[in-house]
Amino acid sequence: MIDRDLAVRLVVAAHARVNDHQEELSRLDSVAGDGDHGVNMATALAEAARRAEHDDHGTAAGVMRSTGAAFHETVGGAAGALFGAFFGAMAGQLSKAEAPDATQLVAGMEKGLARVARVGKAEPGHKTMIDALAPAVRAACESLNGENGLEAVMAAAARAARRGATETAGMRPSAGRARFAPDHSLGTEDPGANTVALVLESWADQLRTEVRA
Ligand code: ADP
Ligand code: MG
């Protein structure tokens with residue numbers, strides 16, 4: 001079951017991972033964007049982790065809702081609103097279950113992807129965070145249908161997200177700031193897709209550690 005404490009540990013793990021990679025994320029964003037992506041994501045997740053640990057959230061849904069709010073409130077820029085939308089939609093889904101498990105988490109990722117697509121109006125192949133998130137959701141659904149547990153489901157999602165992020169290097173951007181410099185960006189991975197991969201990898205690692213403990 002994904003209880004409040006596990007949700008807190010996932011948010012804290014995501015912050016640690018993205019914080020460790022923030023310079024790389026900003027470097028990717030500086031190629032065709034404005035170079036702020038790593039700082040944006042590290043700042044938002046630092047605030048999300050602070051709220052998760054210190055505020056009084058009763059449920060995993062509450063932690064995810066507060067994480068979404070931290071993105072909306074601390075970061076300007078496209079990705080702040082889009083990751084905020086992702087965590088907000090995830091919270092909405094988790095709040096429907098009294099004891100959310102892997103099924104609800106994957107449904108939450110699906111809802112999150114749908115909301116990001118609706119808000120950002122980007123499609124697969126536009127070289128955005130969608131190009132990591134969509135394959136991750138697909139892999140998570142497949143793994144769940146194969147009767148796997150939470151740890152294996154997240155590991156499959158993380159692998160697919162990383163593959164998706166790597167593949168963005170071969171794409172020309174047609175969404176976000178980078179679309180104004182499409183040729184610059186060719187050969188460089190999309191920063192937002194990398195953040196998706198880092199977050200899901202941190203979640204997979206966290207869950208693996210907990211299963212083995
Ligand atoms: P900004 O582009 O406003 O400076 P960031 O640098 O923090 O914001 O985030 C850039 C990332 O946001 C991109 O790498 C991309 O993954 C994502 N992004 C930007 N616009 C969109 C969009 N319309 N749909 C999906 N993702 C987007
Ligand atoms: Mg930027």
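Note that the coordinates shown come from a computational prediction; the quantities given were computed from them, not determined experimentally. Order of listing sets the numbers, starting from 1, for every ligand and every atom in it.
The pair D55-R50 fails the salt-bridge criterion, with no side-chain N (NZ, NE, NH1 or NH2) lying under 4.0 Å from an Asp/Glu carboxylate O. Using a 4.0 Å cut-off between charged nitrogen and carboxylate oxygen, E110 and R138 do not count as a salt-bridge pair. Ion pairing between R17 and D20 fails under the 4.0 Å rule for side-chain N and carboxylate O.
Taken together through direct or relayed side-chain contacts under 4.5 Å among Ile, Leu, Val, Met, Phe, Trp and Tyr, F86 and V8 form parts of separate hydrophobic clusters. Linking ILVMFWY residues whenever their side-chain heavy atoms come closer than 4.5 Å, directly or via other members, places L82 and F87 in the same cluster.
Remark: minimum distance from atom 18 (N) of ligand 1 to any protein heavy atom is reached at L82 CD1, 3.8 Å. For atom 24 (N) of ligand 1, the closest non-hydrogen atom of the protein is A122 CB, 3.3 Å. Shortest contact from atom 3 (O) of ligand 1 to any protein heavy atom: A78 N, 2.8 Å. From the protein, the heavy atom lying nearest to atom 16 (O) of ligand 1 is D190 OD2, 2.6 Å. In terms of protein heavy-atom proximity, atom 2 (O) of ligand 1 is closest to R177 NE, 3.5 Å. Of the protein's heavy atoms, G176 CA, 3.3 Å lies nearest to atom 20 (N) of ligand 1. Considering only non-hydrogen protein atoms, atom 10 (C) of ligand 1 sits nearest to H37 ND1, 3.8 Å.
A donor-acceptor pair shorter than 3.5 Å cannot be found between the side chains of K127 and S174. Under 3.5 Å, the side chains of E142 and N145 contain no donor-acceptor pair of N or O atoms. Side-chain N/O atoms of S143 and N148 include a donor and acceptor closer than 3.5 Å.
Protein N/O/S atoms found under 2.8 Å from the Mg ion (ligand 2), listed by chain and residue number: D29 OD2, D34 OD1, D36 OD1.
Counting the atoms of ligand 1 from 1 in the order shown, those under 4.0 Å from a heavy atom of D29 are 6 (O). Of all atoms in ligand 1, numbered sequentially from 1 with element shown, those under 4.0 Å from a heavy atom of A79 are 5 (P), 7 (O), 8 (O), 9 (O), 12 (O). Interface atoms of ligand 1 facing P191, defined by a heavy-atom separation under 4.0 Å, are 14 (O). Near D36, the atoms of ligand 1 lying under 4.0 angstrom from a non-hydrogen atom of the residue are 4 (O), 5 (P), 6 (O).
Put simply, the side chain of N40 never gets that close to the backbone of V75: no donor and acceptor are under 3.5 Å apart. For the pair D131 (side chain) and G125 (backbone), a donor-acceptor distance under 3.5 Å is present. Judged by distance alone, with hydrogens and angles left aside, the side-chain atoms of T43 form a donor-acceptor pair with the main-chain N or O of V39 at under 3.5 Å.
Taking the six-membered ring where the residue is Trp, F83 and H37 present tilted rings, their angle falling between 30° and 60°.
The number of heavy atoms from other shown groups lying within 6.0 Å of CD (E53) is above 12.
Residue contacts with ligand 1 for N40 involve side-chain atoms from C-beta outward but no N, CA, C or O (heavy atoms, distance under 4.0 Å). With a heavy-atom cut-off of 4.0 Å, T195 does not touch ligand 1 at all.
Residue M129 has at least one N or O atom closer than 3.5 Å to an N or O atom of ligand 1. Here's the thing with G192: one of its N/O atoms is less than 3.5 angstrom from an N/O atom of ligand 1.
Within the set A132, S174, G33, G120, the minimum heavy-atom distance to atom 23 (N) of ligand 1 is found for G120.
The shortest heavy-atom contact between H15 and A49 is CB-CB, 4.1 Å.
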